[in-house]
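For ligands, and for the atoms within them, numbers begin at 1 and follow the listed sequence.
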Amino acid sequence: MDDFFSWLERSGLGETVRTTPMVYSSLESVHILGIALLVGPALAFDLRLLGVGRQMLPVTAAARHLLPLSRFGLALAVATGAVMFVAGAVAVGNSGAAPWKLGLLIVAGINIAVFHRGVYRGVNAWDVDVPTPVGARIAATVSILVWCSVIVAGRLLAYT
Ligand code: HEM
């Protein structure tokens, strides 16, 4: 794996990002902006699934307004994270936090897929002023825990 990481780091993209002033720090700033756009709206939607604003805010309206922002934030975080990874592949790839971050991102993806293909298909029955089903509450709780843990694992990449 180390050979692959050093090959990535020595690639044209890796060299450019490492040696051009301000590029890495700009990528990091956009990574954080992406995280804010991803996690803020996702957690707001999770709170709705847990019952906040149940009387007046339809789940479908919350999903329509919040989830596209979240997807855009995820795209920003993935794109900038991938380029930063290429630039620092040896250190980041060997960090003890890397497998945790990757594993948690996979869990987040599975949770989203299970929610949208499962309980969310019946949302019309619990859109507004009705308690959300247990499955939706479990998905919301997992989502909150996992996204917060991804942030912790991301921060730890530089320290472990
Ligand atoms: C495939 C997706 C992703 C990749 C490849 C990736 C990769 C990276 C890399 C290479 C760093 C820089 C580490 C360093 O400079 O030491 C980083 C930082 C970080 N990442 Fe990600 N990341 C991804 C997605 C995410 C997501 C979705 C989140 C949060 C929900 C996140 C949270 C963080 C945090 C909090 C930091 C530390 C930022 C800082 O201290 O400046 N990452 N990530």
For ligand 1, which atoms have a heavy atom of [X] less than 4.0 angstrom away?
X: Leu105; answer: 2 (C), 27 (C)
X: Phe85; answer: 10 (C)
X: Glu28; answer: 15 (O), 39 (C), 41 (O)
X: Arg155; answer: 34 (C), 35 (C), 36 (C), 37 (C), 39 (C), 40 (O)
X: Ile32; answer: 41 (O)
X: Val39; answer: 30 (C)

Linking I/L/V/M/F/W/Y whenever their side-chain heavy atoms sit closer than 4.5 Å, directly or via other members, would [X] and [Y] fall into one cluster?
X: Val23; Y: Leu13; value: yes
X: Ile144; Y: Val107; value: yes
X: Trp147; Y: Val78; value: yes

Would you call the rings of His116 and Tyr120 parallel, tilted or perpendicular if under 30° counts as parallel and over 60° as perpendicular?
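The arrangement is perpendicular - the two ring planes meet at more than 60°.
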I'd like to know whether ligand 1 has Gly88 as a neighbour, heavy-atom separation below 4.0 Å.
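In this structure, Gly88 fails to qualify as a contact of ligand 1 - no heavy atom is under 4.0 Å.
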In the hydrophobic clustering that connects Ile, Leu, Val, Met, Phe, Trp and Tyr at side-chain heavy-atom distances below 4.5 Å, which members other than Leu145 occupy its cluster, ordered by chain and number?
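Same cluster as Leu145: nobody, lone residue.
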Identify, with sequence neighbours excluded, every residue that meets side-chain contact (heavy atoms from CB on, under 4.5 Å) alongside Val90.
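Testing Val90 for side-chain contact (heavy atoms from CB on, under 4.5 Å), a comparison that skips the adjacent residues, returns Phe5, Ser6, Glu9, Asn94.
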Out of Leu156, Leu38, Leu27, who gets a non-hydrogen atom closest to atom 27 (C) of ligand 1?
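Shortest heavy-atom distance from atom 27 (C) of ligand 1: Leu38.
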CZ-OG1 distance between Arg54 and Thr132, expressed to the nearest 0.5 angstrom:
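Taking CZ in Arg54 and OG1 in Thr132, the distance rounds to 7.5 Å.
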CD1 on Ile106 to CG on Asn111, rounded to 0.5 Å
13.5 Å
Should the heavy atoms of other residues, nucleotides or ligands under 6.0 Å from CH2 of Trp126 be counted, would the total exceed 12?
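Yes, the 6.0 Å shell around CH2 holds more than 12 heavy atoms from other groups.
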List for me each residue that meets side-chain hydrogen bond (donor to acceptor under 3.5 Å, both in side chains) alongside Ser149, sequence neighbours excluded, and say none if there are none.
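By the side-chain hydrogen bond (donor to acceptor under 3.5 Å, both in side chains) rule, Ser149 matches no residue at all.
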Of the protein's non-hydrogen atoms, which lies at the shortest distance from [atom], and what is that distance?
atom: atom 16 (O) of ligand 1; result: Ala158 CB, 3.5 Å
atom: atom 14 (C) of ligand 1; result: Tyr24 OH, 3.5 Å
atom: atom 35 (C) of ligand 1; result: Ile151 O, 3.4 Å

Quick one: are Val128 and Leu57 in side-chain contact, heavy atoms under 4.5 Å?
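Not touching, per the 4.5 Å side-chain cut-off.
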Looking at every non-hydrogen atom in both residues, tell me the closest pair between Ala153 and Leu104 and how far apart they are.
CB-CD1, 4.3 Å
Residue and atom, protein N/O/S, under 2.8 Å of atom 21 (Fe) of ligand 1:
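His31 NE2, Lys101 NZ, with waters left out.
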Ligand 1 versus Ala82, non-hydrogen atoms closer than 4.0 Å: side chain, backbone, both, neither?
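Near ligand 1, Ala82 shows its backbone, while the atoms from C-beta on stay back.
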